[in-house]
There are 2 protein chains.
Amino acid sequence: MASITRAALAVITSKGYDGLTMAALAGTLGVAQSALYNHVASKQDVLLLVEDHLISRVDVSRFGSDTWEEAVGTWAWSYRNVFANHTPLIPVIAVLPVAGAPRTLAMYEAVSKGFLDAGFPPERIVSAIVALESFIFGSAYDASAPADIFNVGSMTGSTPHFRAVVRAQDLMHAGRPADAAFGAGLEALINGLRIQQ
Amino acid sequence: MASITRAALAVITSKGYDGLTMAALAGTLGVAQSALYNHVASKQDVLLLVEDHLISRVDVSRFGSDTWEEAVGTWAWSYRNVFANHTPLIPVIAVLPVAGAPRTLAMYEAVSKGFLDAGFPPERIVSAIVALESFIFGSAYDASAPADIFNVGSMTGSTPHFRAVVRAQDLMHAGRPADAAFGAGLEALINGLRIQQ
DNA sequence: ACCTGAACACCGTTCAAGT
DNA sequence: ACCTGAACACCGTTCAAGT
């Protein structure tokens with residue numbers, strides 16, 4: 001049987017995650033649905049395969065060449081951008097034991113080495129990476145949200161301050177709001193973690 | 001029919017989100033499953049009702065009395081703790097148009113006013129709140145993850161740096177790792193955002 | 001306006017039977 | 001070792017018929 005991972009990505013690309021069913025996956029591979037269970041134990045296993053494949057698109061190459069701040073920035077932006085198009089995987093990866101995902105583990109190894117080389121205290125590195133990752137996952141959701149999410153509709157009267165800050169941001173129209181929020185948060189987090197160190 | 005929101009919360013408490021089916025919800029209310037559709041358009045509507053109810057448990061009371069840093073801290077901790085037990089709602093809320101959720105909108109109003117009163121530039125407030133919220137949602141997932149998520153299992157040989165930082169953190173055993181990561185990230189984010197301002 | 005009962009179009013998973 | 005075909009136990013949603 002051809003690669004289940006490849007077939008799953010093809011289905012996701014053409015039909016989205018709602019269209020990623022075991023039946024559609026089997027159809028793409030040209031086999032009966034039940035045949036899939038000779039290669040994976042469950043649909044959750046399929047999502048895990050996809051997750052561990054996508055992780056290899058995350059850019060950890062700057063650790064060791066750029067400064068720590070720049071390397072973290074490149075890593076975080078690429079990580080968010082990859083999963084913004086795959087938000088249904090976030091519940092999977094956020095709770096994923098690393099033991100079953102070799103490429104995910106390799107990413108943590110590269111990032112950990114980058115933090116150690118930058119002089120971070122070892123006992124604070126896991127917390128720092130987890131904090132950055134939490135921010136990245138939440139931001140991936142935000143990047144996938146509709147643009148008019150903060151439209152208050154008819155209930156405008158009772159929320160003057162909220163309306164004012166939404167309008168103040170709109171007037172700047174400096175690119176996509178989700179990108180502005182991610183950029184501001186990432187800079188704050190990087191600077192804040194650097195200071196704690 | 002008694003409150004759908006109350007009944008949904010009862011089902012979630014006793015059977016979890018996997019057990020929250022339209023059949024179980026109807027059973028708790030003592031009506032036929034199809035009767036639910038006279039009150040909600042879909043199961044997504046039920047999740048929305050639950051989300052907007054839970055938001056009222058988030059503590060925004062410190063804005064206006066405590067310092068900005070302390071008020072944001074109280075808000076963020078309570079927000080994360082509420083949704084750590086309701087992670088299936090995160091995809092709902094993260095992409096939710098505020099127009100349909102009055103209590104969620106009221107929370108944004110209170111937080112926006114807090115930021116304005118603290119002297120934040122209006123055009124940066126939406127980004128700051130979205131960044132904090134993204135961190136909070138991602139951290140809620142992390143808080144719900146199994147404790148041994150970073151156990152590398154059998155692939156120990158190829159990840160010396162990652163193993164070293166996980167061990168360094170374990171040796172401190174300073175409370176729950178998820179709480180340490182959230183505390184460190186939140187402090188970094190608050191300080192970093194304050195400086196940008 | 002709100003309810004019931006039955007049906008519909010799915011879904012992931014299992015398993016006996018084959019090769 | 002890997003496949004097929006059929007079945008199973010669900011799931012959310014619809015709709016004619018009632019009150």
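Convention: sequence-line order gives letters A, B, ...; per-chain numbering from 1.
Residue contacts for B:Ser34: at a heavy-atom cut-off of 4.0 Å it reaches a base atom on one of the strands shown.
B:Met22 places its CE atom 12 Å from the C1' atom of D:dT14, with the value rounded to the nearest Å. Between A:Tyr37 atom OH and C:dC11 atom C1' there is a gap of 9 Å when expressed in whole angstrom units. Summarising the geometry, the separation between CG on A:Leu20 and C1' on C:dG12 is reported as 12 Å, rounded to the nearest angstrom. Regarding A:Ile4, its CD1 atom lies at a distance of 11 Å from the P atom of D:dC2, rounded to whole Å. Protein atom CG of A:Asp18 is 13 Å distant from nucleotide atom P of C:dC10, rounded to whole Å.
At a cut-off of 3.5 Å, with distance as the only test, a side-chain donor of B:Asp52 or B:Thr104 sits close to an acceptor on the other residue. No donor-acceptor contact under 3.5 angstrom links the side chains of B:Tyr108 and A:His161, judged on distance only.
Under the Watson-Crick or G-U wobble criterion, with both distances below 3.5 Å, D:dT19 is paired with C:dA1. With a 3.5 Å ceiling on both atom-pair distances, the Watson-Crick or G-U wobble partner of C:dA7 is D:dT13.
At D:dA1, none of the side-chain N or O atoms of A:His39 fall inside 4.0 Å of OP1 or OP2 (strictly under the cut-off).
Looking at B:Thr87, its side chain never comes within 3.5 Å of a backbone N or O of B:Ala84 through a donor-acceptor pair.
With rounding to the nearest 0.5 Å, the separation of CG in B:Leu89 from CD1 in B:Ile55 is 9.5 Å.
Side chain of A:Asn38, nearest nucleotide from C:dC3, C:dG12, D:dC2: D:dC2.
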